[in-house]
**Student:** 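One structure follows; several queries about it will come next.
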Amino acid sequence: MLKIKRVPTVVSNFQKDEADDGARSGGGCGRNCLQKCCIQGAKLPLYAFKRVNEVVGEKGVLALDNEEAPFAFLDSLLLGRGKFVEWEDRVQRGLFRYDVTACETKVIPGEYGFIAQLNEGRHLKKRPTEFRVDKVLQPFDGSKFNFTKVGQEEVLFQFEASNDNEVQFFPNAPIDVENSPSVVAINVSPIEYGHVLLIPSILECLPQRIDRESFLLALHMAAEAGNPYFRLGYNSLGAFATINHLHFQAYYLAVPFPIEKAPTRKITTLNGGVKISELLNYPVRGLVFEGGNTLEDLSNAVSDSSICLQGNNIPYNVLISDSGKRIFLLPQCYAEKQALGEVSSELLDTQVNPAVWEISGHMVLKRKEDYEEASEGNAWRLLAEVSLSEERFEEVKALIFEAISCADDGSGSTAENLLEEPDDNPQSREEANDALNQGSHCGMVPGKQECLVQH
């Protein structure tokens with residue numbers, strides 16, 4: 001069994017105290033958490049999203065009294081505009097472990113524009129934990145930290161489909177314990193402004209593994225935000241997930257990610273209209289899913305592929321980009337190499353765990369010297385160690401396409417021709433960048449991100 005000593009990021013204020021807390025009984029635990037001891041009769045805000053089934057859906061808007069026009073409501077909840085400023089409220093209440101807006105950030109000169117951030121606060125006061133890296137699927141363990149142990153003040157809102165298919169917000173809604181709500185909570189060790197966690201069906205205590213229902217929920221959140229600079233990410237176990245409780249991460253960064261600008265080559269189009277392409281000229285090999293007749297077609301293609309990777313014990317990361325219209329699936333092997341002693345001491349000394357954000361090109365650095373010496377070459381060398389070899393990637397692609405072709409859910413999402421020849425005219429980096437810019441919204445994020453766009 002392969003094990004490496006891991007020092008996970010603290011994502012909740014109660015996580016760092018977990019090792020010292022004994023069992024408590026009766027009268028609540030004193031944390032105002034989401035477990036049985038505290039949740040009965042509790043209320044939290046509820047964001048009811050409009051369930052759309054189009055890949056290009058209308059952004060969720062809500063008309064409020066005394067507002068001149070409807071506004072992007074999910075943006076207002078997370079970015080601090082309008083009447084409801086949930087994330088900013090938690091800043092004012094001192095729930096974050098450091099001021100992420102004070103972290104230095106720069107775009108690294110070069111062809112791809114990798115983004116470097118110096119985030120020394122994310123490296124402090126962590127508890128050591130043993131994590132297996134040779135098993136992607138592991139059972140949920142309630143004795144370890146999980147998101148039911150967070151304080152209710154860390155939860156921004158419940159996130160559920162609207163009963164009448166209209167966007168609604170209820171500032172003080174009962175928690176439906178029997179139906180296990182999905183929630184959006186702050187990450188107390190944020191990478192960027194608005195860094196949150198989407199935790200599907202939190203009370204069901206699902207382990208960190210993608211299924212169709214949870215992935216579709218993540219796509220609905222991306223579509224509801226309607227902002228190409230709001231991205232969701234997923235890390236499997238073995239690919240630097242640090243908590244075995246199903247969750248996605250999300251935050252705003254108002255610059256294109258390098259992976260979004262990478263050229264691609266079309267491999268095939270599924271019956272449901274989902275186009276699958278392969279990344280080209282990027283340090284990490286991966287697949288890109290886009291299009292689809294419905295949002296569910298796109299979601300099923302990616303979730304079925306993810307389930308295939310999980311079932312074959314292949315660690316992977318997922319980036320949900322472009323308001324849920326473009327999804328990157330990235331199998332990786334860095335933790336395995338690390339456990340086998342195949343990663344250089346130079347890379348290990350950086351203490352960078354290449355999860356979804358780093359693989360996408362947002363390099364979160366913990367040492368000032370690494371930040372000052374950041375270069376495209378250094379980023380490329382790190383990410384090249386993450387990638388599967390060409391031979392192994394071809395084997396993994398074959399597994400994925402076999403799984404997709406065997407998926408028979410009655411929705412017509414099987415492949416038309418998984419063996420068709422690759423596109424002889426792959427999309428260039430310039431074309432990818434132009435496509436991203438056509439859907440962009442500059443100045444959507446306050447502070448330093450606007451400066452990054454200008455540079």
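Scope of the values below: all heavy atoms of this structure, side chains included, with no hydrogens, waters or symmetry mates.
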**Student:** Find out whether Asp297 and Leu295 are in side-chain contact, i.e. whether some heavy atom of one side chain is under 4.5 Å from a heavy atom of the other.
**Tutor:**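 Result no, sub-4.5 Å side-chain heavy-atom pair not found.
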
**Student:** Quick check against the 3.5 Å criterion: does Ser387 have a side-chain atom that pairs as donor or acceptor with the backbone of Ala384?
**Tutor:** no

**Student:** Parallel, tilted or perpendicular, judged at 30° and 60°: which one describes the rings of His362 and Tyr251?
**Tutor:** perpendicular

**Student:** Considering only NZ, NE, NH1 and NH2 on the basic side and carboxylate oxygens on the acidic side, decide whether Arg265 and Glu278 come within less than 4.0 Å.
**Tutor:**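 The answer is no: the pair does not qualify as a salt bridge.
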
**Student:** Output yes when a side-chain donor or acceptor of Glu86 lies under 3.5 Å from a complementary backbone atom of Phe157, and no otherwise.
**Tutor:** no

**Student:** Can you list the residues that meet the side-chain contact (heavy atoms from CB on, under 4.5 Å) rule with Ile108, with sequence neighbours excluded?
**Tutor:** Phe114, Ala116, Ala374

**Student:** Is any side-chain heavy atom of Ile115 closer than 4.5 Å to one of Thr105?
**Tutor:**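 In short, these two side chains touch, coming nearer than 4.5 Å.
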
**Student:** Between Lys366 and Asp370, does any NZ, NE, NH1 or NH2 come within less than 4.0 Å of an OD or OE carboxylate oxygen?
**Tutor:** no

**Student:** Are Ile404 and Leu270 packed together at the side-chain level, in the sense that at least one heavy-atom pair is separated by less than 4.5 angstrom?
**Tutor:**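 Contact flag for Ile404/Leu270 side chains = yes.
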
**Student:** Please report whether the ring centroid of Tyr229 lies less than 6.0 Å from that of Tyr252.
**Tutor:**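 Not under 6.0 Å, so no.
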
**Student:** Is the shortest side-chain heavy-atom distance between Ile314 and Leu399 below 4.5 Å?
**Tutor:**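 Yes, at least one pair of side-chain atoms sits under 4.5 Å.
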
**Student:** Will you find, in the side chains of His195 and Gln249, an N or O donor that is under 3.5 Å from an N or O acceptor?
**Tutor:**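 The answer is yes; a qualifying pair exists.
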
**Student:** On a heavy-atom basis, which atom in Ala335 and which in Gly238 lie closest, and how many Å separate them?
**Tutor:**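 Shortest heavy-atom contact: CB-O, 3.5 Å.
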
**Student:** What orientation do Phe147 and His247 show, parallel under 30°, tilted 30 to 60°, or perpendicular over 60°?
**Tutor:** perpendicular

**Student:** Does Gln138 use its side chain to pair, donor to acceptor, with the backbone of Lys135 at less than 3.5 Å?
**Tutor:** yes

**Student:** If only atom types and distance count, is the side chain of Glu160 paired as donor or acceptor with the main-chain N or O of Ser182 below 3.5 Å?
**Tutor:**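 It does hold such a pair.
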
**Student:** Does CD in Glu213 sit with more than 12 non-hydrogen atoms of other residues, nucleotides or ligands closer than 6.0 Å?
**Tutor:** no

**Student:** Is the backbone N or O of Lys325 less than 3.5 Å from a side-chain atom of Asp322, with the two atoms forming a donor-acceptor pair by type?
**Tutor:** no

**Student:** Who are the side-chain hydrogen bond (donor to acceptor under 3.5 Å, both in side chains) partners of Asn378, not counting sequence neighbours?
**Tutor:**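 Checked Asn378 against side-chain hydrogen bond (donor to acceptor under 3.5 Å, both in side chains); matches are Ser375, Arg381.
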
**Student:** Look only at the side chain of Ser201 and the backbone of Glu204, and say whether a donor-acceptor pair between them is shorter than 3.5 Å.
**Tutor:**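 Not at all, since once roles are kept as given, no pair shorter than 3.5 Å links the two residues.
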
**Student:** Can any side-chain N or O of Gln332 pair as donor or acceptor with the backbone N or O of Pro354 at less than 3.5 Å?
**Tutor:**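 Flag set: sc Gln332 to bb Pro354 pair under 3.5 Å.
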
**Student:** Do Ser306 and Leu329 touch side chain to side chain, with heavy atoms closer than 4.5 Å?
**Tutor:**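 Result yes, sub-4.5 Å side-chain heavy-atom pair found.
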
**Student:** Parallel, tilted or perpendicular: which one describes the rings of Tyr47 and Phe159, with boundaries at 30° and 60°?
**Tutor:** parallel

**Student:** Of the options Arg231, Glu260, Glu290, which is the one that meets Ser321 in a side-chain hydrogen bond (donor to acceptor under 3.5 Å, both in side chains)?
**Tutor:**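 Only match with Ser321 under side-chain hydrogen bond (donor to acceptor under 3.5 Å, both in side chains): Glu260.
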
**Student:** Phe240 pairs by side-chain contact (heavy atoms from CB on, under 4.5 Å) with which of Val352, Asn353, Ile359?
**Tutor:** Asn353

**Student:** Would you indicate whether the side-chain heavy atoms of Leu279 and Val288 approach each other to under 4.5 Å?
**Tutor:** yes

**Student:** When you check the side-chain N and O atoms of Tyr334 and Glu358, is any donor under 3.5 Å from an acceptor?
**Tutor:**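 Glu358 and Tyr334 do not have a side-chain donor-acceptor pair below 3.5 Å.
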
**Student:** What's the verdict on side chain to side chain contact (heavy atoms under 4.5 Å, CB included) for Asp349 and Glu346, showing C-alpha distance, side-chain angles and the deciding distance?
**Tutor:** CA-CA 5 Å; Asp349 286 345; Glu346 180 184 5; 5.7 Å; no

**Student:** Between Val100 and Ile191, is any pair of side-chain heavy atoms under 4.5 Å apart?
**Tutor:** no

**Student:** Would you say Asn313's side chain and Asp134's backbone share a donor-acceptor pair under 3.5 angstrom?
**Tutor:** yes

**Student:** Measure across Pro207 and Leu246 and return the closest heavy-atom pair with its distance rounded to 0.1 Å.
**Tutor:**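 Smallest interatomic distance, heavy atoms only, reads O-CB, 3.4 Å.
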
**Student:** Taking the ring centre of each residue, are Tyr234 and Tyr316 less than 6.0 Å apart?
**Tutor:**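 Yes - the distance between ring centres of Tyr234 and Tyr316 falls below the 6.0 Å cut-off.
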
**Student:** What's the shortest heavy-atom distance between Ser299 and Arg212, and which atoms?
**Tutor:**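 So the two residues come closest at OG-O, 4.0 Å.
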
**Student:** Does NZ or CZ of Lys106 lie under 6.0 Å from the centre of the six-membered ring of Tyr371, at an angle within 45° of the ring axis?
**Tutor:** yes

**Student:** Examine the side chains of Glu385 and Gln338 and answer whether a donor and an acceptor come within less than 3.5 Å of each other.
**Tutor:**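 Judged by distance alone, the side chains do not pair up.
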
**Student:** For the residue pair Leu237 and Leu137, establish whether any side-chain heavy-atom pair is separated by less than 4.5 Å.
**Tutor:**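 Side chain of Leu237 against side chain of Leu137, heavy atoms only: no contact under 4.5 Å found.
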
**Student:** For the residue pair Arg90 and Phe96, would you count it as a cation-pi contact if the rule is NZ or CZ under 6.0 angstrom from the ring centre and within 45 degrees of the ring axis?
**Tutor:**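 Pair Arg90/Phe96 does not count as cation-pi.
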
**Student:** Does a donor on one side chain sit under 3.5 Å from an acceptor on the other, for Ser189 and Asn187?
**Tutor:** no

**Student:** What are the two closest heavy atoms between Leu298 and Gly324, and how far apart are they?
**Tutor:**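 What the structure gives for the nearest pair is CD2-O, 3.3 Å.
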
